[in-house]
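Below is one structure, written out as C-alpha cells, with a few remarks after it.
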Number of protein chains: 2
Amino acid sequence: MQKGKEEICEIAYIDRKKVSSVKKKMKPEATMQRLAETFKVLGDPTRTKIIFALSQEELCVCDIANLLGATKSAVSHQLRILRNMRLVKYRKEGKMVFYSLDDDHITNLFSECLRHVEEDD
Amino acid sequence: MQKGKEEICEIAYIDRKKVSSVKKKMKPEATMQRLAETFKVLGDPTRTKIIFALSQEELCVCDIANLLGATKSAVSHQLRILRNMRLVKYRKEGKMVFYSLDDDHITNLFSECLRHVEEDD
DNA sequence: AAAATGATTGAACACTTATTCAACTATAAT
DNA sequence: ATTATAGTTGAATAAGTGTTCAATCATTTT
C-alpha cells in the first residue's frame with residue numbers, strides 16, 4: 001500500500017485460498033442486486049405493514065390507509081413500488097382498486113423474519 | 001372530507017368489518033418496526049454480499065474487502081451496522097478481526113429470498 | 001352535465017444513508 | 001523504539017428515499 005489513496009484491498013494478509021473459495025460460491029452480481037433490492041423493498045415500515053395486512057385480506061387503498069393511519073397518497077406511492085417489484089397485484093372494481101399479494105414466497109419470508117424478530121434474546 | 005388537508009382516511013367506503021378484523025391480526029408496532037429494520041439491514045448490496053460471504057466462511061475484514069472489491073473502511077462501517085443488529089460476531093486474533101454470522105435464521109431468510117429471486121417469471 | 005369520490009401522480013422538502021478521506025488505535029515485526 | 005499493517009472511527013459529501021401537497025384521472029351518482 002504505497003499509493004496515497006486506499007486501494008481496493010491488496011494486502012499481503014488476505015487468505016487467497018479462502019477468498020477464492022468463497023468467491024466461487026458467490027452468486028452473480030445481478031442476483032445479489034435483486035436479493036438486496038427485494039430486502040430493501042420490505043425494509044420500510046409502511047411497506048412492511050401493507051404487505052402484512054395484504055397477507056391477511058385483499059384490501060382497497062382506502063382501507064389500507066385507514067389501517068395504517070396514513071394518507072391515501074402515501075399508501076398509493078408505496079403500492080406503486082410494491083407493484084413494480086411484482087409483490088402485489090390489483091383488481092379494479094368501479095372507482096375502487098383492490099390490492100392483494102402476488103407472491104407466496106413473501107409470506108414465507110415474513111414468517112421466517114418474524115420468528116427471528118420475536119425470539120427472546 | 002370537508003377539511004382542507006387530506007385527513008387520515010375516514011371515507012365512507014372503508015369496509016370497517018374487514019379493516020378491524022385485519023387490525024386485530026396486525027403485530028404490535030414495535031414488532032413491525034423491528035421486522036422492517038431487519039429487512040432494511042439486509043437490503044443494501046454491500047451488506048447482502050458480506051452476509052452471503054460470511055455464510056460460507058469466517059473471514060477477516062481485509063478478506064471481505066478484497067472479495068467485494070471495496071475499501072476496508074467501507075466494509076468496516078457496514079460491519080458495525082451488522083454487529084449492532086447482532087447479525088455478525090467477531091473474534092480477534094493478533095491484528096486481525098475475524099467475522100462470522102451470529103444468527104442461523106438469517107441463512108434461512110437468505111435461501112428463502114434467493115428462491116424468490118431466482119425463480120423464473 | 002356537474003359534483004363527488006377513490007386513486008394516482010409529480011414536484012418539493014426534509015431526512016437518511018453509503019462511501020470516501022483522513023486521522024487514529026492496536027498489534028506485530030524489524 | 002520505530003515502522004508497518006489490520007482495523008476502526010468521525011466528518012463531509014453526494015445520492016437516495018418517504019411523505020406531503022396540489023393537481024389530475026376515472027368512475028359513479030345526482
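Per chain, numbering begins at 1; letters A, B, ... match sequence-line order.
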Taking all atoms of both residues into account, what is the closest heavy-atom pair of [X] and [Y], and its distance?
X     : Y     : value
A/D63 : B/D15 : OD1-N, 3.1 Å
A/T46 : A/Q78 : CG2-CG, 3.9 Å
A/E58 : B/K18 : O-NZ, 3.0 Å

**OP:** Could you tell me whether the side chain of A/S73 has a donor or acceptor atom within less than 3.5 Å of a complementary atom in the base of C/dT8?
**Re:** no
Original post:
Under the 3.5 Å rule, do the base of C/dT17 and the side chain of B/H77 count as making a donor-acceptor pair?
Top reply: no
[N] [atom2] sits how many Å from [X] [atom1], rounded?
X     : N      : atom1 : atom2 : result
A/I50 : C/dA7  : CD1   : P     : 13 Å
B/L68 : C/dT20 : CG    : P     : 12 Å
A/R80 : C/dA11 : CZ    : P     : 11 Å
A/K72 : C/dT5  : NZ    : P     : 10 Å
B/R47 : C/dT19 : CZ    : P     : 8 Å
A/M96 : C/dA7  : CE    : P     : 5 Å
B/K40 : C/dC15 : NZ    : P     : 15 Å
A/I81 : C/dG10 : CD1   : C1'   : 14 Å

Subject >> Comparing A/A74 and A/K92 on DNA chain D - which has the more 5′ nearest nucleotide >> reply: A/A74
Subject >> Along DNA chain D (nearest heavy atom to each residue), the more 5'-positioned of A/Q78 and B/Y99 >> reply: B/Y99
Original post:
Cation-pi between A/R83 and A/Y90: NZ/CZ under 6.0 Å from ring centre and within 45° of the ring axis?
Top reply: yes
Below 4.0 angstrom from OP1 or OP2 of [N], is there any side-chain N or O of [X]?
X     : N      : answer
A/K95 : D/dC25 : no
A/T46 : D/dG18 : no
B/T71 : C/dT20 : yes

Original post:
For residues B/Q33 and B/E29, is any side-chain donor paired with an opposing acceptor at under 3.5 Å?
Top reply: yes
